[in-house]
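To start, the structure under review is shown below, and the notes come after it.
Below, read A as the first sequence line, B as the second, and so on, with proteins coming before strands; counting in each chain starts at 1.
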Number of protein chains: 2
Amino acid sequence: MAFNTVTYSVMGILLRAPRTGYDVVKELKSFRPAKSSQIYPVLSKLEKQGLATVQVMHQSGRPDKKIYQLTDLGKSHLLEWLDTHPEPPVVRDDFLSMLFSAWAKDVSTVTRLLTDRRRMLDKHAEDLNAKYAQLLQTFPTKIKDPASTQLSAYLLVGRRLRLLEEEGKWCEEMLTQIASWHN
Amino acid sequence: MAFNTVTYSVMGILLRAPRTGYDVVKELKSFRPAKSSQIYPVLSKLEKQGLATVQVMHQSGRPDKKIYQLTDLGKSHLLEWLDTHPEPPVVRDDFLSMLFSAWAKDVSTVTRLLTDRRRMLDKHAEDLNAKYAQLLQTFPTKIKDPASTQLSAYLLVGRRLRLLEEEGKWCEEMLTQIASWHN
DNA sequence: GAATTCATGTAAATGGTTACATGATTAG
DNA sequence: CTAATCATGTAACCATTTACATGAATTC
């Protein structure tokens with residue numbers, strides 16, 4: 001039995017701790033964003049196939065909480081998936097498509113695209129930096145434990161940060177380079 | 001009238017020069033990959049809506065070539081799009097999902113993921129580097145001309161290369177760091 | 001002689017988003 | 001008092017891939 005990659009991502013979250021669909025969606029944001037309308041059906045399929053169990057917590061005023069927990073069967077499928085090779089990443093970035101055609105307009109279009117991008121990257125990096133600092137402070141030893149979930153967080157956040165910073169630097173350099181040509 | 005982003009990407013390619021669907025698919029690879037089964041319908045819609053014209057070149061032994069060319073109407077829509085703000089990039093990368101769960105298996109899973117990733121990045125960077133060097137040699141002055149398509153190529157390839165290299169470095173550093181913890 | 005390139009497309013299926021339905025609680 | 005958060009899900013639509021159909025020309 002093979003599942004799609006969102007399903008494995010959801011299983012990975014449930015393996016760490018039992019969670020509601022709402023919480024799964026929030027946690028997915030850090031490495032594999034998806035809308036809740038995609039996740040809720042995934043969770044009910046997991047239950048139907050015996051890969052997760054549900055515990056319902058009654059609430060008043062809002063829908064009952066459904067807490068999903070990965071079963072041993074679910075875990076075994078997830079671990080099996082980890083032995084396979086990941087597909088090459090899929091990236092869809094309108095910024096690149098715009099850059100590709102920007103020559104047809106004027107230089108200001110190129111510089112606007114670059115400055116806007118840089119702002120976006122900076123804002124993003126700022127948020128992540130806080131998270132990263134906190135991570136390093138709170139769990140300095142646990143990170144080194146390969147069986148700790150902190151290692152993954154350290155790797156994932158650290159990688160993201162470096163790529164954000166590198167792209168930011170690139171934007172800046174390109175802006176100064178272009179400015180130097182047109183003065 | 002607003003179109004989806006593949007459509008704008010295709011228009012951007014046709015703006016540079018008239019092309020067949022086959023060639024459009026090849027060129028899309030550098031910034032917005034898509035399968036031909038997605039592109040052919042896009043092209044026929046462009047024609048129906050007067051955004052592109054077609055010239056049929058008869059061939060024997062293979063399907064007739066259909067050369068698409070962007071119309072002024074198409075160009076105006078594309079330029080209008082360039083004044084808008086791009087959506088945030090969409091990334092789906094199984095490698096990250098695997099890294100997120102790798103703690104549940106063992107350290108060797110983490111290191112295998114990192115080494116495989118590094119190999120992939122290196123291979124990719126190698127190909128791009130050749131392209132980049134050629135670009136810098138062949139059109140050293142044209143790149144500085146903002147109305148030249150070479151500027152876009154320079155930006156796009158340069159950016160990609162830097163990000164590939166940065167991620168490669170990160171993989172390497174993480175591998176040595178992890179190795180130092182477990183010796 | 002085998003693999004890749006050239007060249008078009010359609011049909012079916014999967015993946016993913018938007019819109020809809022519903023509304024109390026909590027934080028600023 | 002306003003915005004965000006909590007909490008579930010379904011239906012319709014759009015985006016993208018896979019599989020199918022076809023086969024000569026070229027490169028290795």
Side-chain angles (χ1 to χ4, degrees), chain A residues 1-11 13-14 18-29 31-48 52 54-68 86-94 97 127, chain B residues 1-11 13-14 18-29 31-48 52 54-68 86-94 97 127:
Chain A
M1 231 192 305
F3 308 91
N4 63 22
T5 65
V6 210
T7 302
Y8 286 114
S9 301
V10 170
M11 287 197 265
I13 288 170
L14 295 182
R19 276 174 217 288
T20 64
Y22 186 88
D23 289 329
V24 167
V25 172
K26 267 202 297 183
E27 197 156 358
L28 275 174
K29 280 192 187 121
F31 66 100
R32 177 46 162 99
K35 308 287 170 182
S36 54
S37 54
Q38 191 182 12
I39 300 310
Y40 286 119
V42 166
L43 287 168
S44 54
K45 267 183 206 164
L46 284 179
E47 198 215 339
K48 272 177 205 148
V54 194
Q55 192 197 343
V56 180
M57 304 277 284
H58 293 287
Q59 293 192 134
S60 58
R62 42 182 75 165
D64 290 346
K65 243 187 222 189
K66 295 174 81 173
I67 299 165
Y68 288 86
E87 297 285 301
V90 174
V91 178
R92 278 181 216 120
D93 191 345
D94 291 355
S97 299
D127 298 345
Chain B
M1 233 190 307
F3 308 92
N4 64 23
T5 64
V6 211
T7 302
Y8 286 115
S9 301
V10 170
M11 287 197 266
I13 288 170
L14 295 182
R19 276 175 216 288
T20 64
Y22 187 86
D23 289 328
V24 168
V25 171
K26 268 202 298 182
E27 197 157 358
L28 275 173
K29 280 191 187 120
F31 65 99
R32 178 42 163 101
K35 307 286 173 184
S36 55
S37 55
Q38 190 182 11
I39 299 311
Y40 286 120
V42 166
L43 287 168
S44 54
K45 265 183 208 166
L46 284 179
E47 198 214 339
K48 271 177 206 148
V54 194
Q55 190 196 346
V56 181
M57 305 276 285
H58 293 289
Q59 293 191 134
S60 58
R62 43 181 75 167
D64 291 345
K65 241 186 225 189
K66 295 175 81 173
I67 298 165
Y68 289 86
E87 297 286 300
V90 174
V91 178
R92 277 180 217 119
D93 192 345
D94 290 355
S97 299
D127 298 346

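- Base contact: A:Ser37 has a heavy atom under 4.0 Å from a base atom.
- Set against C:dT8, D:dC6, C:dG16, the side chain of B:Pro63 has C:dT8 as its closest nucleotide.
- Considering only the side chain of A:Tyr40, D:dG9 comes nearest among D:dT5, D:dG9, C:dT5.
- Using modelled atom types, one finds no donor on one side chain facing an acceptor on the other under 3.5 Å when comparing A:Ser97 with A:Arg92.
- Candidate nucleotides D:dA15, D:dG9, D:dT5 were compared by shortest atom distance to the side chain of A:Tyr68, and D:dG9 ranks first.
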Note to self: Run A:Val25 and A:Lys35 through side-chain contact (heavy atoms from CB on, under 4.5 Å) and show every step you take.
What the structure shows: CA-CA 7 Å; A:Val25 172; A:Lys35 308 287 170 182; over 6 Å; no

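- Contact check, B:Lys66 against C:dG9: a side-chain N or O comes under 4.0 Å of OP1 or OP2.
- Distance A:Asp93 CG to D:dA15 P: 17 Å, rounded to the nearest Å.
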Notebook entry, point to check: Where do B:Arg32 and B:Thr5 land on the side-chain contact (heavy atoms from CB on, under 4.5 Å) test, with the steps shown first?
Noted result: CA-CA 9 Å; B:Arg32 178 42 163 101; B:Thr5 64; 3.3 Å; yes

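- The closest donor-acceptor contact from the side chain of A:Tyr40 to the backbone of A:Gly21 lies at 3.5 Å or more, if one exists at all.
- Side-chain nitrogen and oxygen atoms of B:Gln59 include none within less than 4.0 Å of the OP1 or OP2 phosphate oxygen of C:dC6.
- If you check every strand for non-hydrogen atoms under 4.0 Å, B:Ser60 touches nothing.
- A residue-by-residue look at B:Thr20 and A:Lys35 shows that B:Thr20 has its nearest nucleotide of DNA chain C further toward the 5' end.
- The 5' end of DNA chain C is approached more closely, in terms of each residue's nearest nucleotide, by B:Asp64 than by the other of B:Asp64 and B:Val90.
- Within the structure, a side-chain polar atom (N or O) of A:Lys26 is placed less than 4.0 Å from OP1 or OP2 of D:dC6.
- The listed nucleotides are D:dC6, D:dA15, C:dT8; the one nearest the side chain of B:Gln38 is D:dA15.
- The shortest distance between the side-chain N/O atoms of B:Lys65 and the OP1/OP2 oxygens of C:dA7 is below 4.0 Å.
- Rounding to whole angstrom units, CG of residue A:Leu43 and P of D:dT10 are separated by 12 Å.
- With A:Leu43 as the partner, the side-chain contact (heavy atoms from CB on, under 4.5 Å) test is satisfied by one option alone out of A:Leu14, A:Val54, A:Thr7: A:Leu14.
- Atom-to-atom, OH of B:Tyr22 to P of D:dT22 comes out at 20 Å; the value is rounded to the nearest Å.
- Atom NZ of A:Lys45 is separated from atom P of D:dT10 by 11 Å (rounded to the nearest Å).
- Counting to the nearest Å, the C1' atom of C:dC6 and the CD1 atom of B:Ile39 are 17 Å from each other.
- Within the 4.0 angstrom heavy-atom criterion, only backbone atoms of the sugar-phosphate kind lie near A:Arg32; the bases stay farther away.
- Regarding B:Ile67, its CD1 atom lies at a distance of 14 Å from the P atom of C:dC6, rounded to whole Å.
- Atom CZ of A:Phe3 is separated from atom P of C:dG16 by 16 Å (rounded to the nearest Å).
- Neither OP1 nor OP2 of D:dT5 sits under 4.0 Å from any side-chain N or O of A:Arg62.
- Between B:Phe3 and B:Met11 the shortest side-chain heavy-atom distance falls below 4.5 Å.
- At whole-Å resolution of the value, CG in B:Asn4 and C1' in C:dT18 are 15 Å apart.
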